[in-house]
A.B. asks: 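Before anything else, here's the structure in question.
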Protein chains: 2
Amino acid sequence: MSAEAWVRSAEERLAEAGHKRGGARRAVLELLGIQECALTALEIEDALRDAASRRVSRASVYRILDELERLGLVQRVETGQAMVRYERTGGHEQHHHHLVCDECGVVMPFSDPALELAIAGLSERLALTVSEHEIVIHGSCRDCAG
Amino acid sequence: MSAEAWVRSAEERLAEAGHKRGGARRAVLELLGIQECALTALEIEDALRDAASRRVSRASVYRILDELERLGLVQRVETGQAMVRYERTGGHEQHHHHLVCDECGVVMPFSDPALELAIAGLSERLALTVSEHEIVIHGSCRDCAG
DNA sequence: TTCTATGCAAAATCTTTGCAATTAG
DNA sequence: CTAATTGCAAAGATTTTGCATAGAA
């Protein structure tokens with residue numbers, strides 16, 4: 001799904017849920033739509049200010065992300081770093097997970113069919129209705145490991 | 001590994017690293033040793049107070065957990081809830097991951113050989129020296145899903 | 001109009017740090 | 001003695017909330 005299509009479908013979903021349009025949320029959606037990987041609230045705020053697309057207050061960024069998450073439009077990524085990250089769901093070419101270098105803090109996306117299969121099988125046996133899965137692997141990246 | 005054996009080996013490791021013994025840390029180690037699953041710093045503080053084993057200040061709990069994590073004796077578990085959780089490493093019968101019910105907040109451990117295999121295979125192909133993996137699956141538990 | 005969206009500032013929550021007193025080796 | 005441990009209180013960092021204004025339907 002392209003960034004534009006994702007933004008459009010997200011706005012539809014928001015309208016269905018009784019939301020009105022707003023410039024701040026639109027700006028956040030457009031930013032998330034074109035991201036390859038997860039951003040923190042602060043990164044979103046900074047990116048919007050720098051891109052001059054529109055300044056959005058931090059409180060709004062948090063409120064918007066919270067609502068988007070409730071509607072399943074974005075997903076939290078817990079990297080174990082100080083801040084939570086968010087990225088759009090269902091939008092990228094394929095579902096991906098994250099690698100985190102605990103030394104330099106870089107976060108990289110990765111995909112693995114075998115892992116997806118294992119999780120799919122697992123989901124059927126759990127005492128839980130699985131809503132999403134997000135796997136974070138920690139370690140040292142090539143630069144840091146030397 | 002039994003709780004006692006784990007506490008003993010942890011203290012050895014701490015001694016090697018140049019640490020002296022301390023009552024607060026000892027109490028935290030003994031508590032973590034017997035836990036089935038991950039606790040938050042606050043839960044640790046409360047458990048120690050209630051068990052009357054020893055009161056430990058919150059700052060010390062955090063400092064102790066931080067040091068134990070640095071030495072690889074405990075592992076952080078990011079559940080996506082407000083607080084980070086910690087549990088001992090290498091101590092339980094088998095490596096486990098976590099299920100989180102996003103409705104009631106309950107955290108349950110689970111194990112899955114197929115998942116471990118998938119991760120083992122994956123680790124060899126990553127641009128990362130894997131230090132640990134911790135998988136958290138979100139959803140609704142039986143009680144909440146109805 | 002009426003309800004949502006937003007910004008600002010204050011508050012809340014979790015975690016870390018500074019400092020002094022204590023204690024282990 | 002010397003360095004690590006600990007508690008307390010203050011500070012930090014991230015996130016949430018209250019309130020008033022602006023804006024969409």
A.B. asks: What's the CG-P distance between A/Leu14 and D/dG23, to the nearest Å?
C.D. replies: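 So the CG-P distance, A/Leu14 to D/dG23, works out to 20 Å.
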A.B. asks: Taking only side-chain N and O atoms of B/Ser57, does any of them lie within less than 4.0 angstrom of OP1 or OP2 on D/dC8?
C.D. replies: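 Checking D/dC8 against B/Ser57, no side-chain N or O comes under 4.0 Å of OP1 or OP2.
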A.B. asks: Could you measure the distance from the CZ atom of B/Arg88 to the SG atom of B/Cys37? Nearest 0.5 Å is fine.
C.D. replies: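 Result: 12.0 Å between the selected atoms.
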A.B. asks: Hey, are the side chains of A/Leu68 and A/Leu14 touching, using non-hydrogen atoms and a 4.5 Å cut-off?
C.D. replies: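 With C-beta onward as the side chain, the pair touches.
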A.B. asks: Quick check: on DNA chain D, is the nucleotide nearest B/Arg58 upstream (toward 5') of the one nearest B/Gly18, or the reverse? Name the residue that is more 5'.
C.D. replies: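 Here B/Gly18 is the residue nearer the 5' end.
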A.B. asks: So what does B/Arg55 hit on the nucleic acid, given a heavy-atom distance under 4.0 Å: a base, only sugar-phosphate, or nothing?
C.D. replies: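 It contacts sugar-phosphate atoms only.
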A.B. asks: Is there a side-chain contact between B/Arg54 and the phosphate of D/dT5, meaning an N or O under 4.0 Å from OP1 or OP2?
C.D. replies: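 Checking D/dT5 against B/Arg54, no side-chain N or O comes under 4.0 Å of OP1 or OP2.
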A.B. asks: Given the rule that I, L, V, M, F, W and Y join up when any side-chain heavy atoms are under 4.5 Å apart, are A/Val61 and A/Ile34 in one cluster?
C.D. replies: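 No: no chain of side-chain contacts under 4.5 Å links A/Val61 to A/Ile34.
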A.B. asks: B/Arg21 or B/Ala59: which one's nearest nucleotide on DNA chain C is closer to the 5' end?
C.D. replies: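 Its nucleotide being nearer the 5' end, the pick is B/Ala59.
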A.B. asks: Regarding A/Arg26, tell me which of base, sugar-phosphate or nothing describes its non-hydrogen contacts under 4.0 Å with the strands shown.
C.D. replies: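 It contacts nothing in the nucleic acid.
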A.B. asks: Give the rounded distance in Å between these two atoms: CD of B/Glu43 and C1' of C/dC14.
C.D. replies: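 In whole Å, C/dC14 C1' and B/Glu43 CD are 13 Å from each other.
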A.B. asks: Nearest 0.5 Å, please: how far is CG in B/Asp112 from CD1 in B/Ile137?
C.D. replies: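 Reported to 0.5 Å precision, the distance equals 9.0 Å.
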A.B. asks: Could you tell me how far apart B/Leu65 (CG) and C/dC14 (P) are, to the nearest whole angstrom?
C.D. replies: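 The answer, rounded to whole Å, is 15 Å.
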A.B. asks: Quick one: B/Asp66 CG to C/dC14 P, roughly how many Å, whole number?
C.D. replies: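 For the pair B/Asp66 CG and C/dC14 P, the rounded distance is 18 Å.
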A.B. asks: Using whole Å, report how far CD of A/Glu45 lies from C1' of C/dT6.
C.D. replies: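 One finds 13 Å between C1' of C/dT6 and CD of A/Glu45, rounded.
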A.B. asks: Between A/Leu48 (CG) and C/dG7 (C1'), how many Å, whole number?
C.D. replies: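 In whole Å, C/dG7 C1' and A/Leu48 CG are 15 Å from each other.
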A.B. asks: Within this structure, what is the CZ-to-P distance between B/Arg85 and C/dT15, rounded to whole angstrom?
C.D. replies: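 To the nearest whole Å, that distance equals 11 Å.
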A.B. asks: Which one, C/dG25, C/dT15, D/dT15, comes nearest to the side chain of B/Val84?
C.D. replies: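 When the side chain of B/Val84 is considered, C/dT15 is the closest of C/dG25, C/dT15, D/dT15.
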A.B. asks: Kindly say if B/Tyr62 contacts the phosphate of C/dT16, meaning a side-chain N or O under 4.0 Å from OP1 or OP2.
C.D. replies: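 No.
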A.B. asks: Treating A/Ser140 as the side-chain partner and B/Thr129 as the backbone partner, does any N or O pair qualify as donor plus acceptor under 3.5 Å?
C.D. replies: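 No, because the side chain of A/Ser140 does not come within donor-acceptor range (under 3.5 Å) of the backbone of B/Thr129.
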A.B. asks: Under a plain distance cut-off of 3.5 Å, with no hydrogens placed, do A/Glu11 and A/His19 share a side-chain donor-acceptor pair?
C.D. replies: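 No, because no side-chain N or O of A/His19 sits under 3.5 Å from a partner of the opposite role on A/Glu11.
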A.B. asks: Under 4.0 Å, heavy atoms only, any strand: does A/Leu42 hit a base, just the sugar-phosphate, or nothing?
C.D. replies: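 A/Leu42: no heavy atom of the nucleic acid under 4.0 Å.
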A.B. asks: Report yes if at least one side-chain N or O of B/Arg25 is closer than 4.0 Å to OP1 or OP2 of D/dT5; otherwise report no.
C.D. replies: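 Checking B/Arg25 against D/dT5: at least one side-chain N or O falls below 4.0 Å of OP1 or OP2.
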A.B. asks: Taking the nucleotide of DNA chain C with the nearest heavy atom to each, does B/Gly22 or B/Ala82 sit closer to the 5' end?
C.D. replies: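 Here B/Ala82 is the residue nearer the 5' end.
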A.B. asks: Check every atom of C/dC3, D/dT14, D/dT6 against the side chain of A/Lys20 and return the nucleotide holding the closest atom.
C.D. replies: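 Between C/dC3, D/dT14, D/dT6, the one nearest the side chain of A/Lys20 would be C/dC3.
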A.B. asks: C/dC14 P sits how many Å from A/Glu78 CD, rounded?
C.D. replies: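 For the pair A/Glu78 CD and C/dC14 P, the rounded distance is 14 Å.
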A.B. asks: Contact class for B/Arg63 (heavy atom, under 4.0 Å): base, sugar-phosphate, or nothing?
C.D. replies: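 Touches a base.
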A.B. asks: Counting any heavy atom closer than 4.0 Å, what does A/Ala24 reach on the DNA or RNA strands: base, sugar-phosphate only, or nothing?
C.D. replies: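 Answer is sugar-phosphate: A/Ala24 comes under 4.0 Å of backbone atoms only.
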